[in-house]
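Chain letters run A, B, ... following the sequence lines, proteins first, then strands; residues in each count from 1.
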Number of protein chains: 2
Amino acid sequence: MSSSVASFGKHASTAEEEAYLHIQRALRLGRYKPGERLIPEDIAAEIGMSRMPVREAFRRLASEGLVVLRPNRGCIVAGLTVDELYEIFEMRSVLEGLAVRLAIPRIDEEELEELDRLLERMERAGNSGGSDWVARHQEFHGRICALSRRPKLIHQISALHAVIEPYMRIWFDYVEKPVSAREEHAAVIAALRSGDARHAELVMQDHILGTAPMLAEFVTPSR
Amino acid sequence: MSSSVASFGKHASTAEEEAYLHIQRALRLGRYKPGERLIPEDIAAEIGMSRMPVREAFRRLASEGLVVLRPNRGCIVAGLTVDELYEIFEMRSVLEGLAVRLAIPRIDEEELEELDRLLERMERAGNSGGSDWVARHQEFHGRICALSRRPKLIHQISALHAVIEPYMRIWFDYVEKPVSAREEHAAVIAALRSGDARHAELVMQDHILGTAPMLAEFVTPSR
DNA sequence: ACCTGGCTTTTTGTATCCACTTATCCAATC
DNA sequence: GATTGGATAAGTGGATACAAAAAGCCAGGT
């Protein structure tokens, strides 16, 4: 209920919204490959509507960087180059760092314990299956950002997460388990507990920037 | 030519693009007031097209935060609360700070001199008229960000600038002249010259955060 | 055999049309 | 006299239809 992160927990009240959520979800799950063309008619048929709402959804997805829209040439899934992936992580590092810094004065013990529990669930998800871990991980970062109570900041960060999510899934499927992840996330919580805003900001920045090189291995040179 | 900042220097190849640029420009210039309704038919007639491309343009503008789109209730110009204005500036501070930090290793003397000239032109624009200063100011920040050579980062920053531009114009119209502005921008250039990435990042952050309170005075409590 | 030019097919972009939601205005009732 | 209900008007969202652009294909030429 408290999570206002854009990617989660919305249900469509209009056809365009439904199309948007449908496509976004498919993209986040990696159902389409980078460079692949999204045919409006097919997607429209899939959801049971005409091409028009789908086209409008494309506009939004394009402005969030999930697809690329070229005049008269249709809609293709946006692939990331290694440089672009690093760029996303650089932006994430400062934005989520900011979120943490702003969150510090607002944090109480109850919320920290909730994060502890979330970390446990992440760990279990990592052992049991695979792609569920990614969802938990998103939730972990999303919840911390939500503590900042900055709607626009939260929205931007969420949009960046959506772009990298498919690569997170690929990464998780190839490596057996992100061993350092648990420690790093525990360190983030510890930094939040410390109450030192600047310190926590730096810890979050380091955590995010440290993840990028691992993911970069799995970027398909599809461009 | 070098500027790839999204808000500038594009011309429409498609009707939707034309509508988008037309409306964005009008919003940046403050032609519409926050809360005002944008009637698709009127705008379509204004540019000479049907409502459809205008509607698609609305989607993009909405996802950039320039308008608000509510189901069956049309498109209204997004107004900022004081909190939201501060939030934008907080985001700008870390993003433009990042851009500066990344730009440092790439800067050569020639580009610094170009910035010096731009500062001069800003000063002249500030003396002569008014709203031209805002455009120069955007160009100043845009050019520095462009040095980072991070397309997505540049795009995000540009989008944030578009949101606050109308408030910058109001602000400039009320105060006789931003006296501290020249010194602050000169300090930013000096920090770039220093070659110290972290230092330059902090100078840019302070410059941006310092501007926010002045603008906040002129936010109409329209929500 | 390869390149080039024009034709056909496919797909995109825009306009018009219809259904449904929302807002406005007036009247009736409390 | 104020408030609530309904009827009417306006406007939005979505679908279908049409025009224009691009991609693919085949034939002819070099």
Side-chain angles (χ1 to χ4, degrees), chain A residues 6 10-27 31-79 222-223, chain B residues 6 10-27 31-79 222-223:
Chain A
K10 280 217 172 188
H11 52 107
S13 60
T14 163
E16 185 273 343
E17 184 83 9
E18 189 181 343
Y20 171 78
L21 293 172
H22 179 91
I23 303 167
Q24 201 211 37
R25 180 179 165 78
L27 289 170
R31 229 179 99 189
Y32 302 114
K33 301 223 180 309
E36 189 176 339
R37 284 186 52 186
L38 295 180
I39 288 96
E41 255 181 342
D42 295 355
I43 295 170
E46 213 170 300
I47 323 180
M49 63 181 66
S50 85
R51 289 164 21 201
M52 184 94 51
V54 176
R55 279 176 48 101
E56 292 181 15
F58 282 171
R59 300 283 178 199
R60 263 164 83 185
L61 294 164
S63 101
E64 287 169 17
L66 290 171
V67 301
V68 177
L69 227 46
R70 284 180 304 180
N72 291 318
R73 284 163 146 231
C75 178
I76 62 172
V77 179
S222 66
R223 209 186 269 185
Chain B
K10 281 216 168 189
H11 53 105
S13 60
T14 162
E16 186 272 342
E17 184 83 9
E18 191 182 341
Y20 171 78
L21 293 173
H22 179 91
I23 302 167
Q24 200 210 38
R25 181 180 165 77
L27 289 170
R31 230 181 97 191
Y32 302 113
K33 302 224 180 310
E36 189 176 340
R37 282 185 59 182
L38 295 181
I39 289 106
E41 251 178 347
D42 294 355
I43 295 170
E46 214 170 299
I47 324 179
M49 63 181 64
S50 86
R51 287 164 23 198
M52 188 85 46
V54 176
R55 281 187 37 186
E56 291 181 15
F58 282 171
R59 300 284 177 196
R60 263 164 82 184
L61 294 164
S63 102
E64 287 169 17
L66 291 172
V67 300
V68 176
L69 228 46
R70 286 180 305 178
N72 291 318
R73 285 161 145 234
C75 178
I76 62 172
V77 178
S222 67
R223 208 187 269 183

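- Between Ile76(B) atom CD1 and dA23(C) atom C1' there is a gap of 15 Å when expressed in whole angstrom units.
- In this structure, Val77(B) and Lys33(B) approach most closely via the heavy-atom pair CB-O, 3.4 Å.
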Which donor-acceptor pairs under 3.5 Å do the side chains of residues 46-56 of chain A make with protein atoms, sequence neighbours left out?
unit_1: Glu46(A); atom_1: OE2; unit_2: His22(A); atom_2: NE2; d: 3.1
unit_1: Glu46(A); atom_1: OE2; unit_2: Arg31(A); atom_2: NH2; d: 3.0
unit_1: Ser50(A); atom_1: OG; unit_2: Met52(A); atom_2: N; d: 3.3
unit_1: Arg55(A); atom_1: NE; unit_2: Glu56(B); atom_2: OE2; d: 3.2
unit_1: Arg55(A); atom_1: NH2; unit_2: Glu56(B); atom_2: OE1; d: 3.0
unit_1: Arg55(A); atom_1: NH2; unit_2: Glu56(B); atom_2: OE2; d: 2.9
unit_1: Glu56(A); atom_1: OE1; unit_2: Arg59(B); atom_2: NE; d: 2.9
unit_1: Glu56(A); atom_1: OE1; unit_2: Arg59(B); atom_2: NH2; d: 2.8
unit_1: Glu56(A); atom_1: OE2; unit_2: Arg55(B); atom_2: NH2; d: 2.7

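- For the pair Val67(B) and Phe58(B), the tightest heavy-atom approach, listed with the atom from each and the gap, is CG2-O, 3.8 Å.
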I need a per-nucleotide contact map over nucleotides 7-14 of chain D, read 5' to 3'. Cutoff is protein heavy atoms under 4.0 Å; write B for the base, S for backbone only, - otherwise.
----SBBB
Nucleotide N/O to protein N/O under 3.5 Å, stretch nucleotides 7-9 of chain C:
none

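- We find the CG-CG distance between Leu27(B) and Leu61(B) to be 6.5 Å, quoted to the nearest 0.5 Å.
- The two residues Gly79(B) and Pro34(B) come nearest to each other via the heavy atoms CA-CB, 3.5 Å.
- Tyr32(A) OH to Cys75(A) SG: the interatomic distance, rounded to the nearest 0.5 Å, is 10.0 Å.
- Taking Arg25(A) as the reference, Leu29(A) meet the side chain to side chain contact (heavy atoms under 4.5 Å, CB included) condition, with sequence neighbours excluded.
- Counting only residues at least two apart or on different chains, no salt bridge (charged side-chain N to carboxylate O under 4.0 Å, His left out) pair has a member in residues 61-76 of chain B.
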